[in-house]
Amino acid sequence: MLGFLKRYARNPAAVVGLLLVLAVIGMALSAPFVFPRDPLSLAGRPLQWPMDNPRFWLGTDNTGRDIAAQIFHGARVSLLIGLVATVIAIAIGIVIGAISGFYGGWVDDVLMRVTEAFQTLPNFILLLVLVAVFGSDITFVTIAIGIVSWPPSARLTRAEFLTLRNREFVQACRVLGMRDAQIIFREILPNALPPVIVYASVIMAVAILLESALAFLNLSDPNVPSWGNLIGAGRGVLRVQWYVSAIPGVVILLTVLGVSLVGQGLNDALNPRLKGR
Amino acid sequence: MSDNTLLSIEGLTVALPKGADRPHALEDVSLRLAPNEILCVVGESGSGKSLTAGAVMGLLPEGVRATSGRILFEGRDLLALPPAEMRRLRGARIGMVFQEPMTALNPLRRIGSQIAEMFRIHTQLSGAEIDRRVLALLADVRIPDPEGAARAYPHELSGGQRQRAMIAMALALEPKLLICDEPTTALDVTTQAQILHLIRDMQRRTGTAVLFITHDFGVVADIADRVAVMRRGLLVEQGPAGEVLNRPQHPYTRALVAAVPPLAPPPAQPISGEVVLEIDHVSKTYRKGGWLKRNRRVTHAVKDVSLSLPRGGTLGIVGESGSGKSTLARCIVRLLDPDGGAIRLEGKDRLALSREELRKAAPQVQMVFQDPYASLNPRRRVGELVAQGPIIHGTPKAEAYERARELFALVGLDPAALDRFPHEFSGGQRQRIGLARALAMRPRVLVADEPVSALDVSVQAQVLKLLARLRVQLGLSIVFITHDLRVAAQLCDHVAVMREGEVVENGTVAEVFARPSHDYTRALMAAIPGQGWTPPVAFGSEEPV
């Protein structure tokens, strides 16, 4: 574990990524103390530029809400959506990929056709359909993002299982009389996990972006202070008061960048042999 | 002497990158090679023998470089040559044959065009002349149907034919020096004998000097004029082949020689008449292929095999690659389901068991695998690996770990090492762990699938000695799969020879080795390298320090 941290810390980009992610987490945790008021309530005169009023250092949006408060509280929503959607996507992906790769044959054929069916649909379109059908409550939105994001992790897990299932250590487990479920989840899965964990960072970044895109189209939950909602709100005043959309845009950029850098750093630290090439 | 030296390596030191297990891959290595001479460089893995060849060719891996010394070839220092000069020498003056012909040949180009490339790069010959020479070369290396082989892609030829094509390519421009890096290690023993014969024959005809890298003393005895023994980057002994093979001086050379299993089987031990495992008319067929009938391929991996294993005995199943011996082993432990026949353990047919019954019966037959690196889960501690089998079958955890500790001591490992991970052990130690894992189940029959073929010779001898000891100590009944007749002679009571899925000969080890009755068995025996040489140091009597 210590060696892992050391390898991770050797990569400056990964450390920067980690700092960015920690900063976002810090914002999310401190939001109720720094901005105890409801971030969606009216705070002052609408459309004050940042730094104009010392009370609103990031200014106010077109309905007079404090942008800084929305950014801080939005960090909780975006992180939560990112994490939960990623966990859903990875869980579905691992189970389907593991079963598909381990058993092969017709099980693999059926599961892979289903995966391809999901993959051929552009995931944002699928997400729009799901939200249109089930409504735009934040819970549904999160689940829907998880549901449209699992296919790549299923394929990744399957590929790992295909190479691992014929290894002699797996055969040795079968010779010992171990049950399939134990072989799949306790013996093979830990060996198949590193690339999937790395890929999780990509899913998380995409999940945050998907929610923002939904909110921009006014299709996300309007009752939560997410960054996407703020961008969507600023759309009407984009030409003059561009900062309303730009500030949450930059925050999303930095967060996604941070998550991606952490993913890359994990990749290098988990596969140290690949790095020298 | 100096005017009769083609290649002279003087005080060569090659540095490894930082963080490697030792600072130098080669330390102060000096070798001389005269024209028309075969010098065998022998050593175990990590001895630096292949790097020596790489240094001569200018093919050192990235980050590895020669720090001092000279490599003089025809009077010029190869280490000081600019890359363009070096390219002119490679192929034209120095040829090279690699270990694995399938990866050394370009899979997308025809054999003929790959050989012709040698001429196109180094000569101004016309296309018709090149074609003529390519065919002549292929005929020289005695490939059947040279025209067909020239048109073939690498995957269309057998392993032996591919290696012949590689040799044809290496010898195309009649180089003064031929470097062979384990050229027969990836081949079956009968093919190996043919290729060794070919190399020796071509060398005599052309007067080429050969630097031959190998780990196999049998091969050395067959081919070498002079021998150099390497260990961990140091040259420990060199001299004429007869001297080194029959009167080895250095303790390490003596240990290596002592690790070569002699061909004569040890005196037979008494075996009970009771049969513990009976293989009765077992067949296994692989069907490959798609929806269309004509694309289907059927391979009869095991054809109607009947064998029996006496209690406390060892049955050797010997054969070349593709003979079906590993498939048979996997049928016995039921990693594969045979198509027909019966496999009876103490009278009960294992093939009739349901999945759940089979799971319960798992301890009865256990297996030791070939690859010590792939057969242990890298993410589990070795104690867990050994204890996990008994735990699955209901042994309390403390008791299972206690047994694991005893087994570690039994197979010659430190019981305190129980909570280490597999990567902290060497290949031979890992094979002992695999053995402990199988023994933890207290099996009636142990199936060992080439358990020593991935190990260095000296480690191989130690593991064989361990198996021989355990067999007596625990009264084990073993099915021992191997391609190596020397190994079979030392460990087995009965030997069955397999070819293309069938058992062609079956008898006690003394019978089969003294009076082989089938032509194929005789061909296998005749192909064993180093037959004329009897190791002067008793088998396993000395070990490397």
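Computed from a prediction, not measured in an experiment: that's the story for all the values here. Labels below follow one simple rule: chain letters A, B, ... track the order of the sequence lines, proteins then strands, and each chain is numbered from 1.
When the options B:Arg334, B:Gln366, B:Met441 are evaluated for a side-chain contact (heavy atoms from CB on, under 4.5 Å) with A:Val175, the one that passes is B:Gln366.
Looking only at side-chain heavy atoms (C-beta outward), A:Arg174 and B:Val333 stay at 4.5 Å or farther from each other.
Ranked by heavy-atom pairs under 4.5 Å with chain A, the first of B:Pro443, B:Ala362, B:Ala361, B:Gly63 is B:Ala362. Here B:Ala374 is the residue among B:Ala438, B:Gly389, B:Ala374 with the most heavy-atom pairs under 4.5 Å with chain A.
Looking at B:Val368, there are no atoms closer than 4.5 Å to chain A (heavy atoms on both sides), in backbone or side chain. With a threshold of 4.5 angstrom between heavy atoms, B:Gln370 approaches chain A through its backbone and through its side chain. Looking at A:Asn166, there are no atoms closer than 4.5 Å to chain B (heavy atoms on both sides), in backbone or side chain.
What you find for A:Ala172 and B:Ser375 is that their closest heavy atoms are CB-O, 4.3 Å. In terms of heavy-atom proximity, B:Arg379 sits nearest to A:Pro194 at NH2-CG, 3.6 Å. Shortest non-hydrogen contact noted between B:Arg355 and A:Asp180 is NH2-OD2, 3.2 Å. Closest heavy-atom contact between B:Pro378 and A:Asn191: CG-OD1, 3.3 Å. In this structure, B:Asp371 and A:Glu168 approach most closely via the heavy-atom pair N-OE1, 2.9 Å. Considering all non-hydrogen atoms of both residues, A:Arg186 and B:Arg380 come closest at O-NH2, 2.9 Å.
More than 12 heavy atoms of other shown residues, nucleotides or ligands fall within 6.0 angstrom of atom OH in B:Tyr373. No more than 12 heavy atoms of other residues, nucleotides or ligands lie within 6.0 Å of CZ in B:Arg442, so this atom counts as exposed by the packing criterion.
Taken to the nearest 0.5 Å, the CG atom of B:Asn377 stands 9.0 Å off from the CG atom of A:Leu164.
Without hydrogens or angle criteria, A:Gln171 side chain to B:Leu335 main chain gives no donor-acceptor distance under 3.5 Å.
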With side chain to side chain donor-acceptor pair (under 3.5 Å) as the test, would you mind laying out the steps for B:Gln388 and A:Glu187 before giving the verdict? CA-CA 11 Å; B:Gln388 129 188 104; A:Glu187 299 293 327; 2.8 Å; yes

